[in-house]
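Take a look at the structure below.
Atoms within a ligand are numbered from 1 in the order they appear, just like the ligands themselves. Along the sequence shown, residues are numbered consecutively beginning with 1.
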Amino acid sequence: MEQGAPTAVEYTVRDRVAWITVNRPKKLNALNRATVQEITVAATRAIDDPDVAVLVLTGAGEKAFVAGADIGEMAAMDARQGQDFGRFLQSSFDVLERSPKPVIAAVNGFALGGGCELAMACHIRIAGENARFGQPEVGLGLIPGAGGTQRLQRLVGRGKAMELILTGDMISADEAHRIGLVNRVVPAAELRTRVAAAAAGLAAKSPVALARAIDAVMTGGDLGLDDAMRLEAALFGLCFATSDMKEGTSAFLEKRKPEFSGT
Ligand code: DAK
């Protein structure tokens with residue numbers, strides 16, 4: 001998966017942003033096992049690279065972000081293989097969700113089934129106006145199995161999640177924005193530049209603060225309020241021991257831009 005090599009996932013680093021591009025446009029970037037494995041390898045590489053501040057996930061071509069798990073590959077699986085595949089998808093998506101560096105989904109078209117689930121495992125979703133979202137699994141005799149029944153209701157509420165999962169209907173980018181499934185909708189032609197600008201903004205922030213904020217939101221979100229507040233206070237306190245906190249506050253008082261070291 002070296003830069004420029006023809007694989008199912010392209011990996012490029014530009015301006016401290018790792019662009020991870022699912023590259024099976026003839027299959028609308030559907031996720032087979034090999035592709036999921038490559039996404040995980042690419043995400044781990046970006047997380048481990050000190051010169052990378054932000055990850056972006058997107059799809060190759062004009063039509064799809066990811067049109068779901070590869071139906072051809074899944075059709076041949078037995079129950080045991082299906083369960084293994086599900087666990088594999090879930091653990092891969094967890095790598096993204098638990099990334100200490102912000103992960104943006106740049107949704108450039110269909111985000112269906114496992115594709116919608118992949119986008120939901122990212123921290124921020126920016127969609128082109130041509131994007132379409134949905135969980136059509138029930139039409140295949142399946143249910144969402146890579147976090148869709150859980151992450152969707154946490155993002156949009158149980159009623160809307162239930163409707164999307166039971167009907168399998170696709171919704172537009174604008175509707176996805178209206179219900180809180182995506183953060184922002186931008187003109188399709190501007191998606192990459194708008195995402196690059198958003199990523200540059202994140203890359204200028206304190207990496208340790210970003211990592212702790214992600215941890216507080218993700219881990220705290222699964223706890224009761226009391227425990228979550230305790231966790232927030234602990235992570236907040238830890239920030240006071242960092243050079244980044246000293247730099248951020250000094251820079252503000254000295255009316256200059258901070259230069260964070262990430263320590
Ligand atoms: N898998 C494999 N191939 C796909 C695909 C997919 N998900 N989506 C599209 N393709 C392929 C099409 O078969 C076609 O291939 P060729 O016939 O040219 O070889 C090519 O991409 C172009 O697609 P279309 O010709 O269909 O293009 P259209 O513009 O007419 O339609 C569409 C676009 C996105 C509406 C349509 O392709 C479509 O409905 N695609 C399927 C969408 C879908 O149902 N996605 C959900 C898949 S199920 C699990 C956990 C998670 C999952 C599974 C298990 N475990 C816990 C075990 C996840 C499941 C899913 O994601």
Worksheet item: For ligand 1, is there an atom lying under 4.0 Å from some heavy atom of K63?
Response: yes
Practice prompt. Output yes when a protein non-hydrogen atom is found under 4.0 Å of atom 55 (N) of ligand 1, and no otherwise.
Written response: yes
Worksheet item: Are any of the protein's heavy atoms under 4.0 angstrom from atom 30 (O) of ligand 1, yes or no?
Response: no
Practice prompt. Report yes or no: do E73 and N32 form a side-chain donor-acceptor pair below 3.5 Å?
Written response: no
Worksheet item: Counting heavy atoms only, which of I143, L112, L89, V138 is nearest atom 51 (C) of ligand 1?
Response: L89
Practice prompt. Would you verify whether the NZ or CZ of R33 falls within 45 degrees of the ring axis of F88 while also being under 6.0 Å from that six-membered ring's centre?
Written response: yes
Worksheet item: Any nitrogen or oxygen of I71, main chain or side chain, under 3.5 Å from a nitrogen or oxygen of ligand 1?
Response: yes
Worksheet item: Would you call D222 and R98 a salt bridge, taking side-chain N to carboxylate O under 4.0 Å as the test?
Response: yes
Worksheet item: For ligand 1, which atoms have a heavy atom of P136 less than 4.0 angstrom away?
Response: 43 (C), 44 (O), 45 (N), 46 (C)
Worksheet item: If you group Ile, Leu, Val, Met, Phe, Trp and Tyr by side-chain heavy-atom gaps below 4.5 Å, do I124 and L55 land in one group?
Response: no
Worksheet entry | Is_contact(atom 61 (O) of ligand 1), protein non-hydrogen, under 4.0 Å | yes
Response to the item:
Atoms of ligand 1 under 4.0 Å from any heavy atom of G82, numbered from 1 in the order shown, are 55 (N), 57 (C)
Discussion item. My question is simple, although I want it checked carefully: is atom 40 (N) of ligand 1 less than 4.0 angstrom from any protein heavy atom?
Written reply: no
Worksheet item: Do Q150 and R154 have side-chain N/O donor and acceptor atoms under 3.5 Å apart?
Response: yes
Worksheet item: Is any NZ, NE, NH1 or NH2 atom of the basic residue among R256 and E247 found under 4.0 Å from an Asp or Glu carboxylate oxygen of the other?
Response: yes
Practice prompt. Under 4.0 Å from a heavy atom of A30: give me the atoms of ligand 1 that qualify, with their elements.
Written response: 1 (N), 2 (C), 6 (C), 7 (N)
Worksheet item: Looking at ligand 1, does M170 have a heavy atom less than 4.0 Å from it?
Response: yes
Worksheet entry | Any protein heavy atom nearer than 4.0 Å to atom 26 (O) of ligand 1 | no
Discussion item. For the 3.5 Å polar cut-off, considering only N or O atoms, please tell me whether K27 and ligand 1 meet it.
Written reply: yes
Discussion item. Closer than 4.0 Å to some heavy atom of L140 - which atoms of ligand 1 meet that?
Written reply: 44 (O), 47 (C), 48 (S)
Discussion item. Heavy-atom contact check, 4.0 Å cutoff: does L142 meet ligand 1?
Written reply: no
Practice prompt. Answer yes or no for R132: is there a heavy-atom contact with ligand 1 below 4.0 Å?
Written response: no
Worksheet, complete the sentence: protein heavy-atom neighbour closest to atom 14 (C) of ligand 1 works out as K26 O, 4.3 Å
Practice prompt. Establish whether atom 36 (C) of ligand 1 and some protein heavy atom are separated by less than 4.0 angstrom.
Written response: no
Item to complete: Just go through P25, A67, P144 and tell me whose heavy atom is the nearest to atom 43 (C) of ligand 1.
Response: A67
Practice prompt. Just jot down the ligand 1 atoms closer than 4.0 angstrom to any heavy atom of A146, in number order.
Written response: 50 (C), 51 (C)
Discussion item. I need the atoms of ligand 1 closer than 4.0 Å to a non-hydrogen atom of M74, numbered in the order shown.
Written reply: 48 (S), 53 (C), 54 (C), 59 (C)
Practice prompt. Verify the contact flag for atom 7 (N) of ligand 1, where contact means a protein heavy atom under 4.0 Å away.
Written response: yes
